[in-house]
Amino acid sequence: MTNFVTHLECSLTGKIYESGKVHGLSEAGRPLLVRYDLDRMRAELRKEDIANSKANGFWRYAPMLPVTKPESRISLGEVMTPLMPLHASAEKLGGKAGHIIVKDEGRLPTGSFKARGLALAVSMAHEFGLDHLAIPTNGNAGAAMAAYARQAGMRATVFCPSDTPDINIREIQLQGADTYLVNGLINDCGKIVGEGKDAVGWFDISTLKEPYRIEGKKTMGLELAEQLGWTLPDVIFYPTGGGTGLIGMWKAFAELKALGWISGKMPRMIAVQAEGCAPIVKAFQDGEEHAPLWQDAHTVAAGIRVPIAVGDFLILRAVRESGGTAISVSDDHIMSVRDNIASDDGILLCPEGAATAAAYQLAIETGDVKPDEKAILFNCATGLKYPMPAVISPLDKDQPIDYSRFQN
Ligand SMILES: *Cc1c(COP(=O)(O)O)cnc(C)c1O
């Protein structure tokens, strides 16, 4: 099988790079984007071919992805993640029941949407014959990398900030990665991975520092369009760390438009960050093209605690081109929204996913979003990986039970 890839392109300078070879960042130190022959794809690939695919989850989009050989695809049983409309909790957020829709990425292998990006990056690394991958992580990326790398028989080395949620650190180690706790933030971990490249010979699979995680995250946009009958929503709220998903979805929509599979207005992309770490929001508000390092980054939403992003300008471009905005939310707001949606609608979001719901509420208040617009909230990981309030209702089986207490 061949595919439709023509070349790679520096996202900053447009300089062209040959496909079919191992690449990291461009010479300008910026992400490389995979380019396809979209005219040929338009002529040779039909929506029905995708609909009839027998592949698991996002591998149904393999013809629109860079992996050349089917046997290079590393799979852990991916699924198409469900779209779940909020009902009871929608009104509390200021919207209308059924118009706020959660895309629950927590159903993917390793419990987060990192599976999409890492499945692609690991499969490409496998195709190129690489045998040792290293990554800095706030948790979920390391878990996905470890799982897919071990499935492919590759060695995995993972560096986490020492205050990464314990469950993430443990799952990474248990899934076969050499796992290290670093007394710093994710950018400090990234520095170690970068500096170790020559000494150790591992491949740096950090966010946006190789070309293929974006392509994996692109499948969120393809899948969303397919699930909505090849239409797109009015707005998309995305919890933004390194921004891979936001950049990837925006790329997906541009490619779908070029294929003629979608038409009409593109969704407004809304980048959501936490008040304690909001470099993209600040740069957006200041009219800047880049987002400098955020000092003293802190938030309960560990997945979006990313003080500096190598693809900052790509995130900001997508947000601006789409007519979207960038919104920061407080940790208290995140946690109260998580608790309300869980108890009102039975949908347990992770804190980063809850941040999108909190941002939705603020966007309704400012009028940036109207209550009857179709809004997608990305729940990026399973809520089960995060701390939850304690239960304190003991019941003594040896005492007479007053059953009236259960009535209301
Ligand atoms: C990685 C991650 C994010 C941020 O995703 P990016 O595409 O890197 O911006 C948000 N939430 C969770 C739970 C994550 O693991």
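Remember, it's 1-based here, ligands and their atoms both numbered in the order they're listed. Hydrogens, waters and symmetry mates are skipped; everything else that's a heavy atom, side chains included, is used.
- Within the structure, the closest approach of Y238 to ligand 1 falls below 4.0 Å when heavy atoms are considered.
- Side-chain contact between I135 and L118: present, with at least one pair of heavy atoms (C-beta onward) separated by less than 4.5 Å.
- Under a 4.0 Å criterion applied to the non-hydrogen atoms of K217, ligand 1 contributes the atoms 5 (O), 6 (P), 7 (O).
- Panel note: side chain N3, backbone P66; a donor-acceptor pair is recorded below 3.5 Å.
- With 3.5 Å as the limit, one finds a donor-acceptor pair spanning the side chains of Y17 and E27.
- In the vicinity of I304, heavy-atom distances shorter than 4.0 Å reach the ligand 1 atoms 10 (C).
- Ligand 1 has an N or O atom lying under 3.5 Å from an N or O atom of G241, backbone or side chain.
- At a heavy-atom cutoff of 4.0 Å, ligand 1 is contacted by the side chain of Y386 but not by its backbone.
- Of the N or O atoms in S112, none lie within a sub-3.5 Å distance of an N or O in ligand 1.
- Scanning the protein heavy atoms around atom 13 (C) of ligand 1, the nearest turns out to be N140 ND2, 3.3 Å.
- Within the 6.0 Å centre-distance limit, the rings of W202 and F159 are counted as a close aromatic pair.
- Protein heavy atom in closest approach to atom 11 (N) of ligand 1: C380 SG, 3.1 Å.
- The pair R42-D39 does not count as a salt bridge, with every side-chain nitrogen at least 4.0 angstrom from each carboxylate oxygen.
- Here the closest non-hydrogen pair linking A156 and A146 is CB-CA, 4.2 Å.
- Under the 3.5 Å distance criterion, the side-chain polar atoms of S330 are matched with a main-chain donor or acceptor of H333.
- Protein heavy atom at the shortest distance from atom 1 (C) of ligand 1 is K114 NZ, 1.2 Å.
- Across the listed options G243, G303, C350, A301, G243 owns the non-hydrogen atom lying nearest to atom 6 (P) of ligand 1.
- Which parts of ligand 1 touch T240 is read off a 4.0 Å heavy-atom cut-off, strictly below it: atoms 9 (O).
- Scanning the protein for heavy atoms near atom 8 (O) of ligand 1, the closest one is G242 N, 3.3 Å.
- Within the 4.0 Å heavy-atom shell around ligand 1 one finds P239.
- A salt bridge links R40 with E44: the distance from a Lys NZ or Arg NE/NH1/NH2 to an Asp or Glu carboxylate oxygen falls below 4.0 Å.
- K114 and E105 are not joined by a salt bridge, as no carboxylate oxygen comes within less than 4.0 angstrom of a charged side-chain nitrogen.
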